[in-house]
Amino acid sequence: MSEIGNSVDRAADFLRGGNIVAIPTETVYGLAANALNPLAVARIYEAKERPAFDPLIVHISSASEAPQYVLADAWTPECRLLADAFWPGPLTIVLPKKDCIPEIVTGGLPTVGLRVPAHPLTQALLREIDFPLAAPSANPFGYISPTRAEHVERQLGLKVPYILDGGPCTVGVESTIISVSGKVVQILRPGKISFQDIQNVVPHLDIRQGTSGGVQAPGMLESHYAPGKQVLVVDSLQEMAGLHEPAECIAIWNKNDDPLPAIANSNLFLSQTGDLAEVAANLFAALREADELPGKYILAEWVEEQGIGIAINDRLRRAAAPKSVDPVQS
Ligand code: TXA
Ligand code: MG
């Protein structure tokens, strides 16, 4: 079993020794190792059972460290504007890497994703150690990302010696990932930082949504955030009355509607009022809880396709996607 605590010194000791440590961030918990030590990074892939082509995000303590890890020409004034606006925070910027970032971190890609996380414990940790941290979300590959220390312990407790417990994650969905190349910004994964947020900072750049083909961001694999039960997502759960046996259903509501139609024996609420930030913060914990309750179907609702709602709908769509038979995604 993992040791769980809030000692930055203890986490730093494990990391210096080449071990993996689960770390809190404002988005989800990460499974961290010294990004400059290929053997330590290999332990992440091993614990997650993650395919080696899936690159890891490198977490640094401040924007001033970025030029150590990415090519000088790539760290443009626009990148600095984005970093000033959103770091520390839930934005990952993908740029051409320097050779000091080992191939195992980037799955052989010539680029690296950099991010300065906003959680105070992990910031203290990054200041204490003298290397950056490679960290994917701390879940077995293909499963829902963890937003509480106990989620990590439940699934990876036998594989992670130390979990740095920073409480529940406040954002709840993974960072927005962008690549910046010349005047083009490509949004590879939606998150809390929206298209509009980015456009406000770099209005003169060409900002594009969605991947441009290929396995640019394997987080884009269809069934990437899937629980074990079948997830059905509809515009309004009110429409579901009479469609499935309530004993077979767990309903996840975006807000606490009154009165509730009797569509499910278990009802979980993401927010009392339907506030999207709250919906995002509670979504993954609710999917996990629903997965463990008796029943066959998890019923959930789409949110307004705007701001962080785009990220919420993206994760719901992936949770609902049929599981691939491709062993790589299992
Ligand atoms: O919020 C987050 O981003 C969390 C916390 C722990 O920081 N991390 C996270 O990592 O979600 P992960 O590994 O679960 O998802 C990272 C995604 C992957 O889909 C990966 O393919 C993509 O980032 N990625 C990483 N480096 C990349 C690169 N060089 N080019 C394209 N995509 C990259
Ligand atoms: Mg992940």
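These numbers come from the heavy atoms of this one structure, side chains and all, not from hydrogens, waters or symmetry mates.
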Would you call [X] and [Y] a salt bridge, using N to O less than 4.0 angstrom?
{"X": "Glu128", "Y": "Arg16", "result": "yes"}
{"X": "Lys159", "Y": "Glu49", "result": "yes"}
{"X": "Arg148", "Y": "Glu153", "result": "no"}
{"X": "Arg318", "Y": "Asp314", "result": "yes"}
{"X": "Asp13", "Y": "Arg10", "result": "no"}
{"X": "Glu174", "Y": "Arg115", "result": "no"}

Without swapping roles, check the side chain of [X] against the backbone of [Y] for a donor-acceptor pair under 3.5 Å.
{"X": "Asp291", "Y": "Lys229", "answer": "yes"}
{"X": "Arg50", "Y": "Pro55", "answer": "yes"}
{"X": "Asn6", "Y": "Gly166", "answer": "no"}
{"X": "Tyr297", "Y": "Ala251", "answer": "no"}
{"X": "Tyr45", "Y": "Ile104", "answer": "yes"}
{"X": "Asn19", "Y": "Leu15", "answer": "no"}
{"X": "Asn254", "Y": "Ser271", "answer": "no"}
{"X": "Thr122", "Y": "Pro24", "answer": "yes"}

Roughly how far, to the nearest 0.5 Å, is [atom2] of [Y] from [atom1] of [X]?
{"X": "Lys97", "Y": "Leu109", "atom1": "NZ", "atom2": "CG", "result": "9.5 Å"}
{"X": "Leu121", "Y": "Leu164", "atom1": "CG", "atom2": "CG", "result": "5.0 Å"}
{"X": "Asn265", "Y": "Glu248", "atom1": "CG", "atom2": "CD", "result": "9.5 Å"}

Does the side chain of Ser175 come under 3.5 Å of the side chain of Arg189 through a donor N or O and an acceptor N or O?
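Their side chains do contain a donor-acceptor pair, which is all the 3.5 Å distance test asks for.
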
Under a 3.5 Å threshold, yes or no: a donor from one side chain and an acceptor from the other, between Asn139 and Ser137?
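Distance-only check passes for Asn139 and Ser137.
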
From CA spacing to verdict: side-chain contact (heavy atoms from CB on, under 4.5 Å), Tyr29, Cys169:
CA-CA 7 Å; Tyr29 275 74; Cys169 302; 3.6 Å; yes

Would you call the rings of Trp75 and Trp87 parallel, tilted or perpendicular, taking 30° and 60° as the class edges?
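Rings of Trp75 and Trp87: parallel, as their planes differ by under 30°.
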
